[in-house]
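Working notes, structure below.
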There are 2 protein chains.
Amino acid sequence: MVKFRTGCPIASALDIVGDKWSIVIIRSMVVGATSYSDLLAMPEKIATNILAERLRRLEEAGLIRQTQARQGATRGVYGLTAKGAALIPALQALARWGEDELPDRWTPPERFYSARPADFDNGSMVTSAS
Amino acid sequence: MVKFRTGCPIASALDIVGDKWSIVIIRSMVVGATSYSDLLAMPEKIATNILAERLRRLEEAGLIRQTQARQGATRGVYGLTAKGAALIPALQALARWGEDELPDRWTPPERFYSARPADFDNGSMVTSAS
DNA sequence: ATTTTTTACTTGCAAAATGCAAGTTAGAAA
DNA sequence: TTTCTAACTTGCATTTTGCAAGTAAAAAAT
């Protein structure tokens with residue numbers, strides 16, 4: 001259970017996603033990563049224990065959820081909840097800053113900037129995992 | 001000198017401001033904090049060594065700068081550079097998320113949401129410090 | 001001009017977060 | 001059924017953050 005430093009909405013948001021990895025994970029989910037392996041393969045090379053712990057934390061905070069790829073399977077598929085997807089505008093603003101202000105940054109896939117919170121957490125996305 | 005994990009603009013942005021405190025510091029500067037003491041008094045209660053180190057790091061990255069409040073004085077006044085101010089949209093998006101998605105968060109001062117990057121780093125702001 | 005107070009750090013150490021690399025096990029593939 | 005692989009877990013090292021006391025120069029008070 002996350003403990004908020006103060007009532008400030010920014011500080012509180014950071015209390016949930018302001019670690020070194022959470023936003024990077026959410027970024028990858030916005031552009032299609034759904035499994036633990038997908039995320040482990042991120043170019044930033046996250047450590048396995050950090051990834052596991054972050055996913056647990058993000059799930060507990062309600063930003064992501066894990067569902068079963070198939071009936072009875074324990075290997076899950078992660079997806080953004082509406083609450084998690086609502087962070088997309090902030091991620092996009094951050095990406096723009098990075099592109100504009102930092103030298104020689106990659107250009108994110110088109111899919112990233114076109115993503116909208118409403119595109120996520122609509123149920124059908126989960127069952128179409130394959 | 002910050003080392004970027006990868007070329008991704010988000011990850012790179014986070015490599016600069018993705019610690020526990022940088023964005024909180026920038027937030028306070030957007031709404032008027034200019035001195036070390038102002039920032040030390042933030043409701044989040046930052047530790048003195050962390051504040052000093054963060055200010056040094058943000059200055060090195062070109063997001064803030066310190067100038068002298070008066071001729072010859074060593075006590076400086078901190079202000080956002082254009083580069084730092086360009087993060088305002090991302091901070092505002094994050095604040096909105098915090099307000100919308102987290103229970104019982106404070107409402108940021110009007111000044112925060114009305115702030116525009118162009119309002120900062122125009123020179124006259126520095127000399128009017130008092 | 002001198003003394004006192006305050007600001008801006010610095011320092012030493014503890015606690016928490018992150019990272020590395022090997023290990024384990026259940027699910028999936030062969 | 002056996003083998004392979006995904007999804008963690010574990011033990012320990014390194015880095016970051018936090019606590020609290022200390023220091024010194026600048027600013028305020030006398």
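Throughout, protein chains are lettered first and strands after them, A, B, ... in sequence-line order, and every chain is numbered starting at 1.
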Value in whole Å for how far the C1' atom of D:dA7 lies from CD of A:Glu59: 14 Å
How does protein contact run along nucleotides 18-24 of chain D, one letter per nucleotide 5' to 3', with B for base contact, S for sugar-phosphate only, - for none, heavy atoms under 4.0 Å? BBBB---
Whole-Å distance, A:Arg56 CZ to D:dC8 C1', equals 13 Å
It should be established whether B:Ser37 places a side-chain nitrogen or oxygen under 4.0 Å from OP1 or OP2 of nucleotide C:dA8. yes
Are A:Tyr78 and D:dC8 close enough that a side-chain N or O sits under 4.0 Å from OP1 or OP2? yes
Rounded to the Å, how far apart are A:Glu44 CD and C:dC20 P? 13 Å
Not counting sequence neighbours, which residues clear side chain to side chain contact (heavy atoms under 4.5 Å, CB included) with A:Glu44? List them please. A:Trp21, A:Val24, A:Arg27, A:Met42, B:Arg5, B:Thr6, B:Cys8, B:Ala11
Length of the CZ-C1' vector between B:Arg57 and C:dC9, whole Å: 16 Å
Round to a whole Å and report the spacing from CG of B:Leu40 to C1' of C:dT6. 12 Å
B:Glu60/B:Arg57 ion pair, N-O < 4.0 Å: no
Between CD of B:Glu53 and C1' of C:dA8 the distance, given in whole Å, is 15 Å
Kindly say whether B:Leu102 contributes a backbone atom to a donor-acceptor pair with the side chain of A:Lys83 at under 3.5 angstrom? no
I need the CG-P distance between A:Leu51 and D:dT10, as an integer number of Å. 16 Å
Show, in sequence, the C-alpha distance, side-chain angles and deciding distance for A:Ser12 and B:Arg105, and conclude whether the side chain to side chain donor-acceptor pair (under 3.5 Å) test is met. CA-CA 8 Å; A:Ser12 301; B:Arg105 295 302 90 189; 2.6 Å; yes
Hey, is the side chain of A:Tyr36 poking within less than 4.0 Å of OP1 or OP2 on C:dA26, counting only N and O atoms? no
Strictly below 4.0 Å, N to O, side chains only: are A:Glu59 and A:Arg56 in salt-bridge contact? no
Donor-acceptor pair, side chain of B:Gln92 and main chain of B:Phe112, under 3.5 angstrom: yes
Whole-Å gap separating C1' (C:dT7) and CG (B:Asp38): 11 Å
Kindly write out the residues that satisfy side chain to side chain contact (heavy atoms under 4.5 Å, CB included) with B:Ala47, not counting sequence neighbours, or none if the list is empty. B:Asn49, B:Ile50
